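What follows is a single structure, written as structure tokens, with notes after it.
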Amino acid sequence: MHRYRTHTCGELRKEQIDQTAKVSGWINSVRDHGGIIFIDLRDHYGLTQVVIDPAQPFYKGVEHWRVESTVCFIGKVVARIPDAVNPRLPTGEIEIVAEEMEMLGESLVVPFQVAKDEECNEMLRLEYRFLDLRRESLHNNIILRSRIISRMRELMTAEGFMEIQTPILTSSSPEGARDYLVPSRVHPGKFYALPQAPQQFKQLLMTSGFDRYFQIAPCFRDEDARADRSPGEFYQLDMEMAFATQDDVFEVNEHVLHKIFTEFSDKQIDDIPFKRIPFKEAMDKYGSDKPDLRNPLIMQDASELFRGCDFKAFAGVVASGGVVKTIAAKGCAGESRKFFDDMIKFAQSVGSKGLGYLRWIDGEIQSPIAKFLSEETLNQLKELGGVGDGDVMFFVADKMKEATEIGAAVRDELGKRLGLIDPDVFKFCWIVDFPMYELDDDGKVEFSHNPFSMPQGGMKDIEEKDPLEILAYQYDIVCNGTELSSGAVRNHNPEMMYRAFEIAGYDRSVVDEKFPALQRAFKYGAPPHAGIAPGVDRIVMLLADEPNIREVIAFPMNQKAQDLLMGAPGNVDHHQIRDLHLKLHLPKKVEKESE
RNA sequence: GGGGGUGUAGCUCAAUUGGUUAGAGCGCCAGCCUGUCACGCUGGAGGUUGCGAGGUCGAGUCUCGUCACUCUCGCCA
């Protein structure tokens, strides 16, 4: 007989009745009836009830066993009496009558209950993550994550991709986020950086002739956390394809994501190919480059209808170059006064001066602003929004950027408040045709996304077009308002790369200095290539229906990038610091604390 | 760095307008109970109301400061 078990706690059925079984696991609960004790024994696979008779020599001690201790039982598998069958347990038709027992690992009193699904504060959960991970919902999330990643590997391999590891210790590069640095012992004063993404390595692999690369890749960025963004580190399904177009990348990702989402969720998934929405259209209609398409509301431009009208607040905005955005919401004219007041308050809370609205009720218009508008204008608005009796149109007037942002927030809020968002669907879309450049706050031309992206018109665009008019083969994939990934067809032409950087104000030497490997590689016959890197954590988060990314990560850090279980970041020995040729210059506040 | 929320027993929460000795459920400890499965019953222990000031006859409740967690803006090409 095996040292610890012949069966797991999830596998015994009627078929094993009369066999002697050995099971090991955690004490999920103890029900002491005085003359008889029931123990639910739990392991990774399930729960099995163990019965302990008073005749057993170990009976006396059992009453005092604490939950979450690990024990081993040997006993006979018996059928439960019909009245005692538990239909909620897969093992509910049998129980084990204990004949021998062994305590394997005693537990202290647990700081929070493991067997019960009770909310518990985050800090405690992170400090005792090993206990939290025993709890059913988190345990299941980690299992789900494992299955998803395993399936991703199968699907990517089936699509002809090879998984290749790229370095974790690499060089710092000036792109994007803040780097995590690792000091070099051998080279005083020099530092490795943890990769923000394997971006340059995967492009180098393309120049090395590997046709289709992928990796479940750890990425490190020293930026602040959000509910859907873990601090420090996260994983991407990183991929790159040689001799490939944007459509090739879309096709592979549609296959893989559609399968993953179909297989790991009961929700309704969009058919492939997924909808493609140009960036500009997304901004106009949804005010966002990651629209939640479950929300049917869209924004429209009503600026011209308000130009020169008697409603000075709006007319003035339009006259000074601003816009009036409108959202038509069907069937909500009957909402209470409070609803509309709350919406106005909400709009103000996100920076709007106000929120205009028109309500069509019983053939009449009810609105604080209707009296300023001509019948003709009202009819034109009605036509624009496609509204009728019982419907409402909301209006936001501001400068383009502000109106867009506020409109997007109002759209989201209306979607939530009016219950328009179907929780049982996944709505995907590709956002395409991102601009290559944008103006930064100082009015300077800057890359708007990835400087390695290919301009859609190639060298011709770079030479001739207004930089702000150049579109890139740069795309995002969005699901239910969550950005799963950005990707791009890369610029593999070294000369075009120099020119693209020049437009953003960087000298040729900057490209050579900052991206020496890529730029050198591109000079030895680079294949055209394209890629993307969907976020694994976010995909699991959507499929697990969890609002917070910590719920799908086994050992997450808190919002301040601390690992409360391991105590990271932590102090190190002075010798270690000396070996690395470092001296600390701590802020005064921290110095005081460590004294 | 800015803004919002939260902080009361080991855990989850309550405590009317500022008013008696800060309560409940779960957990813990002790006892009873032979068919429960969130077992049940009886009893008990457990509190610097995050911390520090202020004001009040009187503060969990009001004011100020501070700390922690969280959400968010900045940031994440």
Side-chain angles (χ1 to χ4, degrees), chain A residues 28-42 47-55 59 63-64 66-68 78 80-89 91-92 95 97 108-128 131-132 135 173-179 196-197 199 219-234 349-351 405 409 434-438 440-441 446-453 472 474 476 483 486 488 500-501 504 506 514-515 535 547-550 557-560 562 564 589 593:
Chain A
N28 197 67
S29 66
V30 180
R31 294 180 293 280
D32 179 358
H33 287 253
I36 189 170
I37 296 174
F38 299 101
I39 288 183
D40 284 342
L41 199 66
R42 183 192 73 234
L47 280 182
T48 295
Q49 175 163 285
V50 178
V51 188
I52 299 169
D53 186 89
Y59 177 84
E63 305 177 90
H64 301 288
R66 290 212 186 90
V67 291
E68 296 311 317
V78 301
R80 296 198 190 187
I81 58 169
D83 282 355
V85 166
N86 184 346
R88 292 193 305 276
L89 277 184
T91 61
E95 61 195 4
V97 179
L108 296 172
V109 173
V110 288
F112 52 80
Q113 282 157 271
V114 171
K116 291 179 185 171
D117 191 22
E118 188 176 56
E119 289 290 317
C120 169
N121 88 67
E122 197 72 32
M123 196 166 51
L124 204 62
R125 289 180 59 196
L126 292 175
E127 274 176 46
Y128 291 88
L131 289 180
D132 199 17
R135 301 171 96 191
S173 62
E175 7 139 9
R178 215 173 284 119
D179 280 320
Q196 295 179 22
Q199 181 69 31
C219 304
F220 305 89
R221 294 179 191 174
D222 186 4
E223 296 294 348
D224 290 345
R226 291 287 183 277
D228 64 351
R229 200 168 81 199
S230 52
E233 56 186 76
F234 60 96
S349 76
V350 293
E405 282 171 12
F434 277 85
M436 185 85 188
Y437 300 97
E438 64 188 8
D440 68 12
D441 293 339
E446 191 45 276
F447 288 110
S448 67
H449 282 82
N450 189 329
F452 304 119
S453 299
Q474 160 91 38
D476 282 2
E483 182 192 315
S486 282
F501 273 77
Y506 300 104
K514 303 296 188 191
F515 312 103
N548 192 294
I549 206 156
R550 285 186 299 269
M557 298 201 281
N558 70 4
Q559 200 189 25
K560 289 203 174 149
Q562 294 168 301
L564 298 175
K589 203 171 148 192
E593 279 170 11

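These figures come from a predicted structure and were not determined experimentally. Each chain gets a letter, A, B and so on, in the order the sequences are listed, and its residues count up from 1.
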Open item on the list: Counting distance alone, no hydrogens or angles: does the base of C76(B) have a donor or acceptor under 3.5 Å from a partner atom on the side chain of R229(A)?
Closed with: yes

TODO: Report the relative orientation of the aromatic rings in F434(A) and H449(A); use parallel for angles under 30°, tilted for 30 to 60°, perpendicular for over 60°.
DONE: perpendicular

Open item on the list: Taking any heavy-atom pair under 4.0 Å as a contact, classify D222(A): base, sugar-phosphate, or nothing.
Closed with: nothing

TODO: Measure up the F447(A) and Y506(A) rings against each other and bin them: parallel (under 30°), tilted (30 to 60°), perpendicular (over 60°).
DONE: parallel

- [ ] Using the C1' atoms only, state how far C29(B) lies from G46(B), rounded to an integer number of Å.
- [x] 10 Å

TODO: Using the P atoms only, state how far G65(B) lies from A38(B), rounded to an integer number of Å.
DONE: 50 Å

Open item on the list: Any salt bridge linking D40(A) with R31(A)? Criterion: basic side-chain nitrogen under 4.0 Å from a carboxylate oxygen.
Closed with: yes

Open item on the list: Any heavy-atom pair between the side chains of Q49(A) and N86(A) that's under 4.5 Å?
Closed with: no

TODO: Taking only the side-chain heavy atoms of M123(A) (C-beta and beyond), determine which of A77(B), A68(B), C76(B) contains the nearest atom.
DONE: A68(B)

TODO: Give the nucleotide from the list U72(B), G1(B), C76(B) with an atom nearest to the side chain of R221(A).
DONE: C76(B)

Open item on the list: Please report the distance separating the P of G40(B) from the corresponding atom of G2(B), rounded so that it comes out in whole Å.
Closed with: 50 Å

Task: Nearest-angstrom distance from the residue atom CD of Q559(A) to C1' of G3(B) - done: 13 Å

Task: Donor-acceptor contact below 3.5 Å, side chain R135(A) vs main chain Q113(A) - done: yes

- [ ] Could you state the atom-to-atom distance from NZ of K560(A) to P of U72(B) in whole Å?
- [x] 16 Å

Task: Nucleotide G3(B), atom C1' - distance to CZ of R226(A) in whole Å - done: 12 Å

Open item on the list: Looking at Y128(A), I want to see if its OH is surrounded by more than 12 non-hydrogen atoms of other residues, nucleotides or ligands under 6.0 Å.
Closed with: no

Task: Sequence-aligned protein contact record of nucleotides 35-45 of chain B, with B where the base is within under 4.0 Å of a protein heavy atom and S where only the sugar-phosphate is - done: BBBBB------

- [ ] State the CG-CZ distance between L108(A) and R66(A), to the nearest 0.5 angstrom.
- [x] 6.5 Å

Task: Rounded distance in Å - CG (D224(A)) to P (G3(B)) - done: 15 Å

Task: Pairwise side-chain contact, N558(A) with M123(A), heavy-atom cut-off 4.5 Å (strictly under) - done: no

- [ ] Determine the interatomic distance between P on G31(B) and the same-named atom on A68(B); round to the nearest Å.
- [x] 44 Å

Open item on the list: Can you tell whether the side chains of E122(A) and R550(A) come within less than 4.0 Å, N to carboxylate O?
Closed with: yes

TODO: Give the rounded distance in Å between these two atoms: CZ of F220(A) and P of C75(B).
DONE: 24 Å

Open item on the list: I'd like to check Q196(A) versus D179(A) (side-chain heavy atoms, cut-off strictly below 4.5 Å). Are they in contact?
Closed with: yes

- [ ] Assess whether one donor atom and one acceptor atom, taken from the side chain of R66(A) and the base of G27(B), lie less than 3.5 Å apart.
- [x] no

Task: Check: F234(A) and R221(A) side chains under 4.5 Å, non-hydrogen atoms - done: yes

TODO: Would you indicate what R125(A) reaches in the nucleic acid, counting non-hydrogen atoms under 4.0 angstrom: base, sugar-phosphate, or nothing?
DONE: nothing

Task: Of N558(A) and H449(A), the one whose closest RNA chain B nucleotide lies more 5' - done: N558(A)

Task: G52(B) versus U16(B) - spacing of their C1' atoms, nearest Å - done: 29 Å

Open item on the list: Between A45(B) and G50(B), how many Å separate the two P atoms, rounded to a whole number?
Closed with: 24 Å

Open item on the list: Categorize S486(A) for me: base, sugar-phosphate, or nothing, with a 4.0 angstrom heavy-atom threshold over every strand shown.
Closed with: nothing

Task: Contact nearer the 5' end of RNA chain B, comparing Q562(A) with D53(A) - done: D53(A)

- [ ] Using atom CE of M436(A) as one end and atom P of A77(B) as the other, report the distance to the nearest whole Å.
- [x] 15 Å

Task: Protein-to-nucleotide contact annotation, 5' to 3' order, nucleotides 5-12 of chain B [B base; S sugar-phosphate only; - none; under 4.0 Å, heavy atom] - done: -----SBS

TODO: Report the distance from atom CD of Q196(A) to atom P of C76(B), rounded to the nearest whole Å.
DONE: 10 Å

